[in-house]
Amino acid sequence: MASLFHVFFLLSFSLAVCRKDPSESAGTTTILDVAAALKKSTQALAFDPRRAHQQLLDKEELTTTLRYSASTADLLLQLYSRDFLPLPNNFTTTHRDYESLTLARLRRDSARVRSIAARVAFAIDGSNSKPAKAAAMLDSIQGTIVSGNSQGSGEYFSRVGIGRPAKPQFMVLDTGSDINWVQCQPCTDCYKQADPIYDPTGSDTYAPLRCSSEPCHSLDYAACRNATCRYEVVYGDGSFSSGELATETLTIGDAPPVTNVPMGCGFDNEGIFVAAGGLLALGAGRLSFPSHLPSHSFTYCLVDRDTPGTSTIDFGPPTAQPEASTITTKLLRSKKIPTFYYVELTGISVGGTQLPIPPSALAIDADGSGGVIVDSGTAVSRLNMQVYEPFRDAFVKGTRHLPPGTGPDIFDACYNLSAMTKVQVPSVSFHFGEGKVLKLRGKNFLLPVDSKGNFCLAFAKTSSPLNIIGNVQHQGMRVVIAVENSMVSFTPNKC
Ligand SMILES: *[C@@H]1O[C@H](CO)[C@@H](O)[C@H](O)[C@H]1NC(C)=O
Ligand SMILES: *[C@@H]1O[C@H](CO)[C@@H](O)[C@H](O)[C@H]1NC(C)=O
Ligand SMILES: *[C@@H]1O[C@H](CO)[C@@H](O)[C@H](O)[C@H]1NC(C)=O
């Protein structure tokens with residue numbers, strides 16, 4: 001009986017292998033599971049933030065009790081995606097339908113990309129006359145708040161313990177900036193947040209930094225008041241934080257606290273950081289949180305944007321051995337912009353054919369403009385015109401068999417897949433240095449934009465020379481960023 005079963009199993013297995021489409025195994029096509037994507041988009045709208053918040057509080061009570069007996073030393077945090085934050089009800093916006101959820105995400109995304117472009121422009125043009133340029137930039141950016149374009153900052157959030165004793169706060173996790181900060185008492189102007197505002201007088205380890213300190217010199221925009229260092233950090237969507245630069249203890253999960261982390265104590269803060277108490281900066285620059293860890297590395301996985309589950313970010317040294325499917329590539333740095341994680345993308349292929357992209361369109365030039373960064377806060381990847389046009393044209397050419405659909409203006413290629421459950425589409429792969437190829441899954445490049453079955457190619461053009469690999473393109477992969485070893489790796493299908 002056992003051997004009969006065995007034969008049957010082998011037989012059905014080999015049949016399945018035979019039936020697999022040859023173009024898929026050759027890497028020229030991939031399958032998009034339309035039905036699964038649509039089902040998830042419906043579930044996304046049913047999320048109950050209040051219930052999740054209660055569960056979080058119950059769990060936190062439990063972990064605080066357990067913390068001191070825990071043997072684990074992992075610097076591990078749960079990552080919540082913005083649309084599934086466990087918050088009291090009055091903090092969250094509920095969306096009428098999936099289309100309005102998509103539009104809200106895309107508006108935030110455009111603000112994010114503008115903010116990155118402003119950073120780059122400032123770094124490149126502003127290096128000769130920093131203070132004057134910074135002041136001019138602050139004026140122009142603060143002007144945008146008035147235009148009401150603030151959609152809120154942050155796509156991924158975690159609970160971080162601030163001070164000693166540690167007070168848990170929701171923090172925005174941001175790979176595109178270097179200055180950690182929290183809203184701080186006494187507030188001149190603080191926006192509403194979910195947890196009580198941090199009060200440095202309640203912490204044993206809060207220590208203001210002097211103007212002559214090294215972290216104070218690392219700031220782009222610093223001032224000195226009463227011998228202590230003042231910071232101001234401005235994001236391109238109009239949000240900002242300003243106050244005193246200090247060092248403080250941060251607690252990540254159950255691990256021993258990390259001491260002396262430079263952190264802004266923000267007395268004046270504006271922006272819609274969706275109830276978060278502040279921001280944990282994950283950039284590559286000197287003031288960021290990871291740069292204060294011995295390994296200066298972190299590993300994360302972003303869950304699917306429509307799944308209310310959490311994923312993790314681990315600040316310990318990369319422990320997992322690379323797997324057969326792991327793609328490892330060089331981490332590049334720009335002398336002008338120390339914050340961003342640049343990768344050596346050398347090409348893109350569609351349907352197994354590499355596109356005619358001039359190498360200069362993907363490289364950082366002598367000025368420090370251009371290149372390709374990985375940014376978890378940008379959703380849809382941005383490509384400059386020399387890269388985007390051949391990419392879009394090749395994809396459109398390879399999808400003539402699909403019924404055209406409609407979608408937001410930012411997208412050029414949309415399909416009406418409402419009559420399908422699964423569809424075969426041209427594969428899309430990123431080519432990195434040394435011939436490494438990362439093949440994307442269908443859901444990493446075709447996004448549902450409403451609940452009616454319209455899907456769009458989730459790449460967009462940018463007038464900036466800087467290319468950005470966004471979170472839609474690296475969801476569901478384990479990403480390792482190791483500054484010390486100058487390497488980045490991607491392991492598909494591993495969250
Ligand atoms: C939400 O409600 C609580 C309790 O009613 C209140 O303390 C808090 O300020 C409210 N938050 C916002 C953002 O309105
Ligand atoms: C400046 O520092 C001194 C001594 O630390 C303190 O007494 C004073 O209140 C401070 N002034 C302001 C404006 O913070
Ligand atoms: C999409 O396709 C379906 C079925 O093929 C059709 O009923 C529907 O009208 C189409 N939607 C649009 C917006 O064209």
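What you see is a predicted model; the values in this text were computed from it and never measured. One-based numbering, in listed order, for ligands and for the atoms of each.
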Hey, is K336 close enough to D367 for a salt bridge, meaning N to O under 4.0 Å? no
Considering only heavy atoms of S418, which atoms of ligand 3 have at least one such atom less than 4.0 Å away? 1 (C), 2 (O), 3 (C), 4 (C)
Is it the case that D314 and T299 place a side-chain donor and acceptor less than 3.5 Å from each other? no
Is there at least one protein heavy-atom neighbour under 4.0 Å from atom 11 (N) of ligand 3? yes
Examine N416 against ligand 3 and note whether any of their N/O atoms are separated by less than 3.5 Å. yes
Tell me whether R119 is salt-bridged to D220, with the criterion being a basic N under 4.0 Å from an acidic carboxylate O. no
Under a 3.5 Å cutoff, is there a donor and acceptor pairing between the side chains of Q473 and S381? yes
Report the nearest protein non-hydrogen atom to atom 5 (O) of ligand 3: residue, atom name, distance rounded to 0.1 Å. A419 CB, 3.8 Å
Distance flag for atom 14 (O) of ligand 3, protein heavy atom under 4.0 Å: yes
If we only count heavy atoms from C-beta on, is the Q169 to R159 side-chain gap below 4.5 Å? no
